[in-house]
Amino acid sequence: MPIYAYKCSNCGYTKDALQKMSDDPLTHCPHCGKETVVKQLSAPGFELKGKGWYATDFKGGSSAALPASHANENKSSESK
């Protein structure tokens, strides 16, 4: 389940909530009691690691990570 960040636009109270994607967003502020809580936009908290991702296979721009069939196609198209 994702963690959503909320902030009250009235008093500035902030809260992180673990919710299902299908749950209704929170609106009630427990600090000031008003219905002024809004969901904040935040950056995702994950990192792609391991063999096969950009940092290990594609960052250098070489064709070493391509399958042999694709590498041969690139060489033949370059020679034309």
Side-chain angles (χ1 to χ4, degrees):
M1 284 194 295
I3 298 173
Y4 295 103
Y6 289 91
K7 184 175 183 179
C8 178
S9 58
N10 184 51
C11 68
Y13 174 79
T14 59
K15 176 181 181 168
D16 291 337
L18 181 65
Q19 294 181 295
K20 292 180 184 177
M21 293 178 76
S22 60
D23 287 348
D24 291 333
L26 302 177
T27 57
H28 179 77
C29 178
H31 190 255
C32 70
K34 298 194 178 194
E35 299 290 324
T36 55
V37 174
V38 293
K39 193 184 292 188
Q40 300 292 295
L41 182 62
S42 60
F46 72 94
E47 182 178 335
L48 301 174
K49 291 184 177 182
K51 186 173 173 99
W53 300 106
Y54 172 77
T56 57
D57 291 337
F58 302 109
K59 192 173 185 178
S62 69
S63 62
L66 294 175
S69 61
H70 286 26
N72 292 337
E73 289 174 9
N74 287 345
K75 288 179 183 176
S76 63
S77 66
E78 289 174 0
S79 62
K80 290 181 181 179

Undergrad: Can you list the other members of the hydrophobic cluster that holds Met21, where links are side-chain heavy atoms under 4.5 angstrom apart?
TA: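 Hydrophobic cluster check, Met21: joined to Tyr4, Tyr6, Leu26, Val37.
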Undergrad: With side chain to side chain donor-acceptor pair (under 3.5 Å) as the rule and sequence neighbours excluded, what pairs involving residues 23-45 come up?
TA: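 Output for this query lists Thr27-Glu35, His28-Glu35.
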Undergrad: Do the non-hydrogen side-chain atoms of Tyr13 and Pro30 ever get within less than 4.5 Å of each other?
TA: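 Yes, their side chains come closer than 4.5 Å.
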Undergrad: Once rounded to the nearest 0.5 Å, what's the spacing between atom SG of Cys29 and atom NZ of Lys7?
TA: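 The SG atom of Cys29 sits 11.5 Å away from the NZ atom of Lys7.
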Undergrad: Going by the rule side chain to side chain contact (heavy atoms under 4.5 Å, CB included), which residues pair with Ile3 if we only count those two or more places apart in sequence or in a different chain?
TA: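 So Ile3 forms a side chain to side chain contact (heavy atoms under 4.5 Å, CB included) with Asp16, Leu18.
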